[in-house]
Amino acid sequence: MNTALVTANPQGAIGLRSIAGRVGFLPALLVLLVAGMSAVDPQFYGIINILNILRNASLLAIVACGQALVIIAGGFDLSVGAVVALASVVTAKTMAAAATAFPGNNALIIASGMAAGLGSGAVVGLVNGFCVAKLKVSGFVVTLGTMSATAGVGLMITNGIPVYGMPDIFVKGFGRAQALGLPTAVHVALVIIIVMVFAQRRTLFGRYVYAIGGNVDAAIVSGVSIQRHVVGTYVVSSMLAALTGILLTAQVGSGQASFGGDRMMLQSIAAAVIGGVSLRGGVGRIEIVAISALFLTILGNALNLLHVDSRLQPVFLGVIMVAAVALDELSRRSKARV
Amino acid sequence: MSDLELSVAAKNADRSKLAPGRWLWSAALPVALVALLLGFAAVDRGVLSPANLLNIAQQASYLALFAMAQTVVILTRGFDLALGPTVSMVSVGTALAMAGATASGHGTGSVLLAGLAAGFLLGIACGLFNGVVIALLGVNPFVATLGSYNIAIGVATTLSSGRPVQGVPAPFSQIFYGGSVFGIPAAIAITVGVGAVLHWTLTRTVFGRSLYLIGTNPRAAAVAGLPVKRILIATYVLCSGLAALGAIMMTARTGSGEPNLGGALSLQAIAGAVVGGTSLAGGRGGVGTAVLGALFITILSNGMNLTRIDGYVQMVVLGAIVIVGVLLDRLRLERRQ
Amino acid sequence: MDVEIDPKPAEPLLRLRGISKRFTGVRALDRVDLDVRAGELHVLFGENGAGKSTLINVVSGTFPPDEGTFHFGDEEIHHLTPQRARTIGISPVFQEFSLIPSLTVEENLFLGREVTHGSVLRSREMRKRARALIDELGFDLDPAQRIDDLSRAHQQMAEIAKALLGRVRLLILDEPTASLTERETGRLFELIARLKSQNVGLIYVSHRMREIRALADRVTVLRDGRHIQTLDAAGSTDGELVELMTGRRIDLLFPTIAHRPDKVMVDIENLTLADGSVQEVNFHARAGEITGIAGLVGCGKSELIRAVYGIEPTASGVIRIDGLPYEFPAPRQSLKRGIAYFPANRVAEGLALSRPIRENASMTVLDLPAFARYGVLRQAAERITIADIMERLQLRPPNIERSVGALSGGNRQKVMLARALTRELTVFLFDEPSVGIDVGAKLEVYQFMKRLVEAGAAVIVVSSELPEVLALSNRLYVMHHGRIAAELKGAEKTEQNVLSSFFRDHLAAEVA
Amino acid sequence: ETPWFPMKVYDASSGTPKPAEYTPLPKAEKPYRLCVLFPHMKDSFWVAVAYGIVKQAEAMNVNMNLYEAGGYENLPKQLSQFDDCMASGPDAIIVGAISGAGLSKKFEEAKAKGVPVVGVTNPLPPNALPAANYVDFVAMGEVTGAGLLAQTKPGDKLNIVTFPGPAGSGWAESFNEGFKKAVAKNPNAKILAEKFGDSGVAVQLQLIQDALQAYPGMNVIWGTAPTAEAAIGAVAEAGRSDLKIVSSYENQAMLDALNRGDILAFATQYPVGEGAVAIDQAVRLIEKKPVMSLVQPIAAVIDKTTVPKLQMDLVLAPASWTPVYSVKAK
Ligand SMILES: Nc1ncnc2c1ncn2[C@@H]1O[C@H](COP(=O)(O)OP(=O)(O)OP(=O)(O)O)[C@@H](O)[C@H]1O
Ligand SMILES: Nc1ncnc2c1ncn2[C@@H]1O[C@H](COP(=O)(O)OP(=O)(O)OP(=O)(O)O)[C@@H](O)[C@H]1O
Ligand SMILES: [Mg+2]
Ligand SMILES: [Mg+2]
């Protein structure tokens, strides 16, 4: 008897709109790009190239996942690039120090290095979270500040000089290792994406992150503790950035304050936004963000394989980025009016 | 409206009442500025020397101009990541045009004209691109301006082959850098003039009023019949136009077209605007906030340079101060009620 | 010994004493007392800004009172938080929704009280319970739908359902019917009766006298943040209540409007909207009369006038304004042609809250030479004009430089109405004109419309409050499923007729 | 400590470089105040220049303050730092210019105020300053090209991809140009592509990975030090031990890599020496003593055979040294 009252509203319209709104056409665009590249250049689907793409996409995806989480909660994390660098040098320095203190004890050396790297990320995340949640300064400004400060600390530690002295096993057995035919970074990224997707869909934390980003006031009156979860998003974001820093360190074999930087920060936000995360908060899904990271990586790879002049590459990148999002936006608009 | 919204709304200026102590708080940032200056002066007397004060004013005038450009778009809830690369592109374009005009034997007047025209055209083109993509295609400002960020970098390095472009005629630098109005150096004079006009535009014109209304509630502005899209496009054009002016002034300062002139300017300009009290949520800020923020950052780094604080420590201090500045601003607004 | 059996009423469920709450510059509550008994519906009555919502917020733990004591059941409560309030059984339905637009109905119902295993959500369990609750309430809601895909009415249902999840001892309803139509309102009233019989205490806020009459056991009148009187509903008249509320005598009747239908100003032929919410509608409105549109939730009545104004895309059909075809409606064009629209959701679509009243009132006229020449504002003229208009509309407090966000609902509506007086207009489209505003302000709005019509304007009123459209309109359209179901004139214009058009095919379905 | 001087340099004051030996003054007459501007201190190259400056300032007993602009994207910041230096009233300024052309107005201003300015390490427009010492980047690029050709057996084909550094930095373009000029002398050498990109290891790594795919025929990687550093791992991973890696400048990593045999060669311009010479030039200018107005350190390609003869204390700061940003005269 209730259903008889359902209105003139065409349910179909909502269905289509939700699909357009929730998946976007990024996956389609990705398929198109992959198909096009495979047709044009057989190098593209060479196994080594694919592994390169996957590894680089993984590194970006890990940072972008954390970034996405912060943006979904209504924030912004500009400090991720700097954290990548800080974690790299802290990890390398710690391992070098541990290696001289406990020579040969590789497990201890590696564990202490990774703990220090992740710890440095956690500290930056906590500072960000504290300033945003407790002092109520906007996330953009806080992370703009910590970006500068973190980069400064990273450089203070190293003076910009690469840090060596990590155990070989860390580089060969972790950074450059492959398992099941895939580089370590890919495995790590897959685990993180799965965990994050699960967290987003099935845990209180994920639910509250959506709620806070969707409407803070409503979340407050519904009894959601805002501060804890906001701090949580920044800590997760920073720790994922730190993890990326560690993976890069392991891969390259040295701790570098030049890792990350503005570029990584901009790319991670771009990946999140192109992956359908709304800068207004409350909307976005990790798996699409991961796809978007893959899309951006392949795009860069494609421009290189197609021998596009490296000075002109940014122009193509910019145009394609804008076009992709504009098309997505337009398709969503027209579908909403079926 | 919920009471929570009310409390948010109530944070905003309510000009009807003047509570005691409000003046003090509304002056929080200027007071902090003076305190900062005096603090540095205690370490090094040179900070307060007339030469250095003029130096600060001159440096701040460039940043203030860029912060004003950002403020205009931030008022409408946007921002312009492409501002820095726009500056680079305009610098290269201006220099190339002037070098070209000189080479083809034109007189000084037409050489300068060619440079200015090329610079502003490039700036306006960039602004149009941003505006059209954001207002008509509905792409969010972050992606749109990140796109034009990349494009402008590509254009700047391609046009210049990555090298500084020589051949900027001396009169150009003399006018836009060396010149002075009533003894005030050109950069300061231009910024003050532009700031005054912009302030007037923001407070006294339909366009300015529309910016605040759109930034506060874009939906309501559209329903009330404001031409939101047109205004947004104009806003981005204005922003890039101001950036182009800044780029021209900086090109005069360097005496060459620099393909990497604006590398780090986008975020610095946003920081300048925001530290001064412009709200990223839109609808709050103005020329005053931009100038205040620019002064704050300039005084800080000048002071740290003169008091010999190490480069990396400066980065840490600057980061902390940006947060503290905005925190002060928030407290000021809360205290104001 | 003299044994008197004193039928002493049970200890009240909620006992507030001397509650004060001060916001900067305003004393929102000034030593207010309130008792709510179990099984009673207690109405809070007062003008816009009297402090009703503030009191409710104190009761539901959103913010702490500055002073006063708070007893719930047998306990004295200190430091109440929203979470704590819910666990002890205080459940608020807020005036402005506490819903997350990007989450589904079900996710919203359980927000803050999720069923979990560790911290992993148990979605199936929650879905089952959400379904059961919605079925029990008899709401037409799909728990899997996103809030931002719902109409306001459906959002209101979700909000109510959210409050009723779990054990409720005190239910607080802040203007719950403001965006419900008759049918949902009926459902809600049944529900209220059921809750009362289960000994749940209710606090109810409404500006609709009819509801207060129908539901209230006791009424507490607030004025300017002060407790004026608590009285038994049965022993008081409407006039009495309104007099207590405003401190003056107000005639509660709808104004008599002299309709003098003239030429057709708005003529719609076969209009279908792009989203299908309005289909093949024929409609016209004349100058000199009020044309009403009534209909169930989601029937497309709002969309119809929004399309005329140019904020809903049309698919086919013709709109004529004053005889001339109006091809691509857009707000700016509409205003130029003399059409004004007053949105139902003033916060989202009407006002820029942190800007001054003056700027909000003049928002629609910045293109006129009286307000701006060559793009330069004439601020002195603006100030004088708007101050004058706001004085005529009796803005309280009469200061046009305050930000609109600091105003009560009724005064915000006045700011919207001011726009009608700033430029030459001939067609006025009102969407839920009296939603959320107090009795006094409502009458002022009705008077306002009366003046407009009598001056020869064409006024179209879309409303979910049936008595309102019935009383105001000269002709009344009833919409159903996006189509016009009936056009009622003169004596046909009865509540019975409207309701039967609402449910015509519903009844037909039941017969079949 | 063995003194760094006399240092073999070219004296290019007259326009044509002539071999010469550089020997500094033993002490400054007064504890002058010197201001030093660097583009950044983010790699061991600039740390090496700083080391030379600090050691020589201590040796000559002058005051020194060093400012770094934070990177090549910060020309406006360097301009401001120049102004700040001028405002602090120095006796001379030493500049590692982000863009020589971009600072030319500042040089004029300093000249007008009578403050001598010395250019260090980064090239400047001709006659921009009363004294400078730097290698011409084009020449240095040429040296690396020549070094590569010297190690190539006649008849071997060279398929080169260059990774000069960030587009728009100026120095990357100049290095690249010089390298191409030198390589063009061998008909068997072909430049397949030029890949500009930020000179961080992570960015360069991605570029190299892509280039390995895009140019399967590539057998020489020429680029910045971070490029070479990134290339070592990438090349090993791709199993392309036949690939030759040449770095266009020096740092600690390059030295280690060369010793391990991971790279073919790197170029050096003796940055520590450059820093030291700059201090001496500045003091000479202040004291109006005769000064070699353009000193060009003799850029050299270092490979396995030449590395034992390398005067290390002119190339890198000791690993134990941490940069100091100011020196106080006693
Ligand atoms: N968070 C706040 N900050 C400042 N003032 C507030 C706040 N909340 C309420 N007020 C003020 O307190 C007074 C009481 O407001 P309240 O919302 O309780 O009124 P109300 O009776 O619910 O009105 P309405 O019928 O319009 O809903 C008003 O003057 C209002 O402006
Ligand atoms: N049962 C429903 N489920 C989902 N969405 C609905 C439903 N009913 C309505 N809607 C949404 O609401 C829109 C129309 O609802 P709306 O309430 O605005 O119409 P209305 O006729 O103005 O009713 P009212 O003025 O009473 O709110 C539809 O286009 C649709 O998007
Ligand atoms: Mg209320
Ligand atoms: Mg409606």
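Chain A is the first sequence line, chain B the second, and so forth, proteins listed ahead of strands; every chain is numbered from 1. Keep in mind that this is a model prediction, so the values were computed, not measured.
Of all heavy-atom pairs between Phe196(D) and Ala172(D), the closest is CE2-CB, 4.3 Å. In terms of heavy atoms, Gln269(D) sits closest to Phe137(D) at NE2-CE2, 4.2 Å. In terms of heavy atoms, Ser248(D) sits closest to Ala267(D) at O-CB, 3.7 Å.
Between Phe175(D) and Tyr249(D), the ring planes lie parallel to each other; the angle is under 30°, not in the 30° to 60° tilted range.
When the shell of 6.0 Å around OH of Tyr325(D) is examined, it contains more than 12 heavy atoms from other residues, nucleotides or ligands.
Only the side chain of Glu173(D) comes within contact range of chain A, judged by heavy atoms closer than 4.5 Å. Heavy atoms of Leu248(A) lying under 4.5 Å from chain D belong exclusively to its side chain. With a 4.5 Å cut-off on non-hydrogen atoms, Thr158(A) does not touch chain D at all. Both the backbone and the side chain of Gln43(A) come within less than 4.5 Å of a heavy atom in chain D.
Annotation: side chain of Phe44(A) is in contact with side chain of Asn301(A) (closest heavy-atom distance under 4.5 Å). For the pair Thr268(D) and Pro271(D), the minimum side-chain heavy-atom distance is below 4.5 Å. In this structure, the side chains of Leu247(A) and Val188(A) come closer than 4.5 Å at one or more pairs of heavy atoms. Taking 4.5 Å as the limit, every side-chain heavy atom of Asp262(A) sits out of range of all side-chain heavy atoms of Glu73(D).
Tested against Leu78(A), the residues Val142(A), Val141(A), Leu144(A) include a single side chain to side chain contact (heavy atoms under 4.5 Å, CB included) partner, Leu144(A).
Residues of residues 198-231 of chain D lying under 4.5 angstrom from chain A, judged on non-hydrogen atoms, are Asp198(D), Gly200(D), Val201(D), Ala202(D), Val203(D), Leu205(D), Gln206(D), Leu207(D), Gln209(D), Asp210(D), Gln213(D), Ala214(D), Tyr215(D), Pro216(D), Glu229(D) by number. Residues from residues 305-315 of chain A that place a non-hydrogen atom less than 4.5 Å from a non-hydrogen atom of chain D comprise Leu305(A), His307(A), Val308(A), Ser310(A), Arg311(A), Gln313(A), given in numerical order. Proximity to chain D at a heavy-atom threshold of 4.5 Å picks out Arg55(A), Asn56(A) from residues 53-65 of chain A, in numerical order.
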Margin query: If you apply the rule salt bridge (charged side-chain N to carboxylate O under 4.0 Å, His left out), what do you find for Lys180(D) with Glu194(D), and how did you get there?
Written below: CA-CA 10 Å; Lys180(D) 285 197 298 187; Glu194(D) 299 156 37; 3.1 Å; yes
Exercise. Report the C-alpha separation of Tyr45(A) and Val34(A) in whole Å, then their side-chain angles, then the decisive distance to 0.1 Å, and conclude whether the side chain to side chain contact (heavy atoms under 4.5 Å, CB included) test is met.
Key: CA-CA 9 Å; Tyr45(A) 53 80; Val34(A) 169; over 6 Å; no
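Listed by first and then second residue, the side-chain hydrogen bond (donor to acceptor under 3.5 Å, both in side chains) pairs involving residues 244-253 of chain A are Ser88(A)-Thr249(A) (not counting sequence neighbours).
Across Val84(A), Leu51(A), Leu155(A), Asp41(A), the residue that shares the most heavy-atom pairs under 4.5 angstrom with chain D is Leu155(A).
In this structure, the side chain of Asn251(D) engages the main chain of Met254(D) through a donor-acceptor pair within 3.5 Å.
The pair Glu58(D)-Lys55(D) meets the salt-bridge criterion, with a side-chain N (NZ, NE, NH1 or NH2) lying under 4.0 Å from an Asp/Glu carboxylate O.
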